[in-house]
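Notes to accompany the following structure.
All values reported here derive from a predicted model rather than from experimental measurement. By convention in this document, chain letters (A, B, ...) are assigned in the order of the sequence lines, proteins followed by strands, and residues within each chain are numbered from 1.
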Amino acid sequence: MSSQFVSNRQQRAAIEWRGGHALVMAGAGTGKTFTIIERTKGLIAEGVEPKRIALLTFTRRAANEMRSRIGTKHEGLFAGTFHSWAIMQMHSRKDLPVRPEQWTIIDRDDQLQLIRRIKAQLTPKGEARRFPTPGEVLNYTGYARSTLVTIEAYLDKFMNLEGEQRSFVIKASKQYRQHKQARRYMDYDDILEVIAAAMTENPALAHSIASRYDEVLIDEGQDLNPLQWRIIDSMVPDTRIFMVGDDGQSIYAFRGADFESIHSFTKRIPDSKVLKLEENYRSRQAILDLANWVLDQSPLQYQKRLRGTRGRGERPILHHFNNAFDEADWITNTILESHGEGEKFSSNKILMRTMSAAKEIEASLVSKNIPYIVIGGQSLFALAHTKDLLAAVRATVNPLDELAWMRYLTLFEGIGEVTADRIIEKLLKSQSVQEAKQIVQEALDKRAAEVLAPIIAISRHRTEPGEALRSALRAMKGIFKHNYREDWSKRRPDLDLMVSLAERRPDVVDFIETYTLDPIHGTQVQGQSEDKVTLITIHSAKGLEGKRVFIPQAQYGMYPFVRSMGSDAEIEEERRVLYVALTRAQDELMLSNGGFGFAGFQTTGEADFFLERVPKKLLNHEGQAAPSQRGPIAPNDLAGWG
DNA sequence: AACGTTTCCTTTTTT
DNA sequence: AGGAAACGTT
Ligand SMILES: Nc1ncnc2c1ncn2[C@@H]1O[C@H](COP(=O)(O)OP(=O)(O)OP(=O)(O)O)[C@@H](O)[C@H]1O
Ligand SMILES: [Mg+2]
């Protein structure tokens with residue numbers, strides 16, 4: 001076993017544990033992920049083949065963290081998200097009911113679009129506003145599926161919907177399922193559902209999958225929802241489950257995760273043991289003191305307080321500014337200053353509750369030419385022009401892809417919704433790309449050549465996605481220039497970026513799958529250098545660490561977030577979000593705020609800023625403005641819709 | 001049937 | 001920023 005660190009006694013017990021299933025319950029920075037990595041190395045050193053070990057977790061970033069810590073030398077070892085593991089199973093096993101290359105994986109935007117179209121049919125014209133939004137329908141549906149309950153049961157338990165509103169949600173939810181199926185769409189939940197259902201209904205299949213592993217190691221176990229638990233449950237008889245988790249860091253209840261499930265680990269999994277780690281190796285004690293205080297304010301009982309091993313360190317600061325621009329400039333100036341003194345840009349992580357609130361900070365990074373990478377928030381493929389090009393590719397590989405065809409066809413002058421609908425109606429009955437081309441040809445006659453040119457170009461280069469996109473882009477240039485005549489030069493680079501991303505994939509289907517499962521965030525990744533500042537959402541930052549951590553907008557309305565004040569459970573989850581953010585910092589923790597509050601913003605309840613009454617000895621206040629109260633500012637200033 | 005203009009709404013967080 | 005609804009024009 002080769003680590004640069006010496007494990008402590010508790011870590012050794014976890015690393016060397018060779019009994020049954022085990023759960024390591026321990027706080028932030030105590031080395032849970034370290035234990036997973038060292039265990040994996042230990043098992044391999046004892047002769048376990050790397051391909052007989054799987055490292056799973058929920059978020060992509062936590063999965064990347066595991067992957068980079070284990071390195072590349074163990075060929076066959078799987079380290080990734082549950083979703084990517086499930087997709088890999090579908091690709092590699094012929095006994096699963098789904099061939100993923102025949103399906104199009106859809107993201108949240110597509111899901112919403114599909115439900116929008118369903119809603120338009122289900123509700124009388126002009127009365128749409130009386131009914132729940134597509135976003136609500138999608139959230140209810142997703143939550144119900146993730147927690148393995150029917151939509152009816154979910155609505156009865158959590159929602160106060162009656163009569164036509166209730167029946168609308170139920171109908172929309174069921175039609176969503178049917179529409180997906182008919183269009184050969186698979187959403188994120190489907191990916192897990194296919195595997196979970198197959199394994200539960202067919203024990204022989206579950207055995208065949210699970211017995212390929214000597215051990216399945218799961219990081220961030222508090223984030224698992226019942227759907228993911230179902231996959232784990234069906235593996236329990238045939239492999240060893242080694243899970244690590246921290247109830248204080250549970251921040252995915254909104255998608256059905258339930259940290260009680262790790263409390264009841266030994267009940268749920270027979271012949272299992274719970275282990276503990278109690279020393280934090282990440283952060284200075286001054287940082288841990290503040291984090292401990294935040295969790296102490298909760299009425300819920302989490303496990304013990306964090307005890308550090310790295311000395312006291314500097315007291316965290318909260319710097320107050322009058323506006324978001326000054327705040328952003330302070331952050332970027334601080335980064336530049338330390339860079340001048342030899343510190344790397346990559347030592348800095350800027351943690352956001354919502355990425356849409358990062359506008360000023362991004363602008364400031366750009367203006368000072370600081371290289372940075374954005375993780376979380378809007379995807380590159382959420383932009384109108386990137387969606388257009390992607391629609392051409394999707395329409396080509398899946399003639400049943402209604403949303404792609406609708407978007408693609410209506411790009412062309414003279415083709416509106418009515419014509420497109422007529423064509424799509426026929427396409428939905430088609431069997432092949434060949435047939436699809438025929439249908440478009442017949443429907444459009446003279447205009448068909450222009451519409452089909454990009455489609456033909458893409459289908460000609462299916463195994464050279466770079467070339468496929470390049471030639472499609474060439475054929476669509478005229479439309480793009482016309483449709484985006486005001487700002488084409490600004491949009492153009494995103495499409496070139498798409499082409500270069502496609503270049504690295506083996507075929508167009510893989511291109512779509514890869515970037516739907518792991519989208520690029522933000523449009524410009526500034527600078528070519530490896531050394532970059534990371535601008536990241538707290539949800540994505542879980543499991544990660546940084547020498548210096550910035551937490552901007554530490555103020556009323558953000559922690560807890562205005563939209564998550566509706567219940568005690570929501571507020572407690574928000575408290576854990578802040579706790580996760582604080583515990584990312586190794587040496588320096590720099591909170592700040594932009595002076596304004598959130599008056600007028602749509603809230604779901606009432607709650608004070610978590611640090612409103614923080615003891616002075618835990619946090620240094622700097623700057624002129626008083627600790628921010630609920631101040632007067634237009635709601636759109638926060639959300640970035642202005 | 002298509003399209004331009006205006007006005008309003010929406011996504012908080014991840015897969 | 002994207003998209004839909006409403007309304008008027010072509
Ligand atoms: N025994 C040790 N000696 C020195 N450093 C250690 C030791 N164990 C862990 N570390 C370091 O402490 C830091 C935190 O460890 P790790 O990320 O594994 O914690 P974690 O429990 O997974 O945290 P989180 O809950 O945030 O995911 C890492 O930089 C790791 O390398
Ligand atoms: Mg970890």
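- Residues passing the side-chain hydrogen bond (donor to acceptor under 3.5 Å, both in side chains) test with A:D496, sequence neighbours excluded: A:R492.
- Contacts of A:W85 classified as side-chain hydrogen bond (donor to acceptor under 3.5 Å, both in side chains), with partners at least two apart in sequence or in another chain: A:Y213.
- At a non-hydrogen distance threshold of 4.0 Å, A:F58, A:T59, A:R60 from residues 57-65 of chain A come into contact with DNA chain B.
- Residues that satisfy the ring pair (Phe, Tyr, Trp, His ring centres under 6.0 Å) test with A:Y176, not counting sequence neighbours, are absent from this structure.
- Residues that satisfy the side-chain hydrogen bond (donor to acceptor under 3.5 Å, both in side chains) test with A:S173, not counting sequence neighbours, are A:T141.
- Evaluation of the side-chain hydrogen bond (donor to acceptor under 3.5 Å, both in side chains) rule for A:R67 yields A:N64 as partners, not counting sequence neighbours.
- For residues 409-420 of chain A, no pair satisfies salt bridge (Lys or Arg N to Asp or Glu O under 4.0 Å), with sequence neighbours left out.
- The gap from the C1' atom of C:dG3 to that of B:dT13 amounts to 22 Å, rounded to the nearest Å.
- Contact of A:R563 with B:dT12 (side chain to base): no donor-acceptor pair of N or O atoms is detected under 3.5 Å.
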Pair A:Y140-A:Y154, ring-ring contact (aromatic ring centres under 6.0 Å, His included): steps then yes or no: CA-CA 7 Å; A:Y140 304 158; A:Y154 170 80; 5.6 Å; yes
Distances for protein N or O near nucleotides 2-9 of chain B N or O, under 3.5 Å:
unit_1 : atom_1 : unit_2 : atom_2 : d
B:dA2  : OP1    : A:G416 : N      : 3.0
B:dA2  : OP1    : A:T419 : OG1    : 2.1
B:dA2  : OP2    : A:V418 : N      : 3.2
B:dC3  : OP1    : A:G414 : N      : 2.4
B:dC9  : OP1    : A:R129 : NH2    : 2.7

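- With sequence neighbours excluded, the residues satisfying ring pair (Phe, Tyr, Trp, His ring centres under 6.0 Å) with A:F259 are A:H263.
- Residue A:S564 is the one, among A:S564 and A:H83, whose nearest nucleotide of DNA chain B lies closer to the 5' end (criterion: closest heavy atom).
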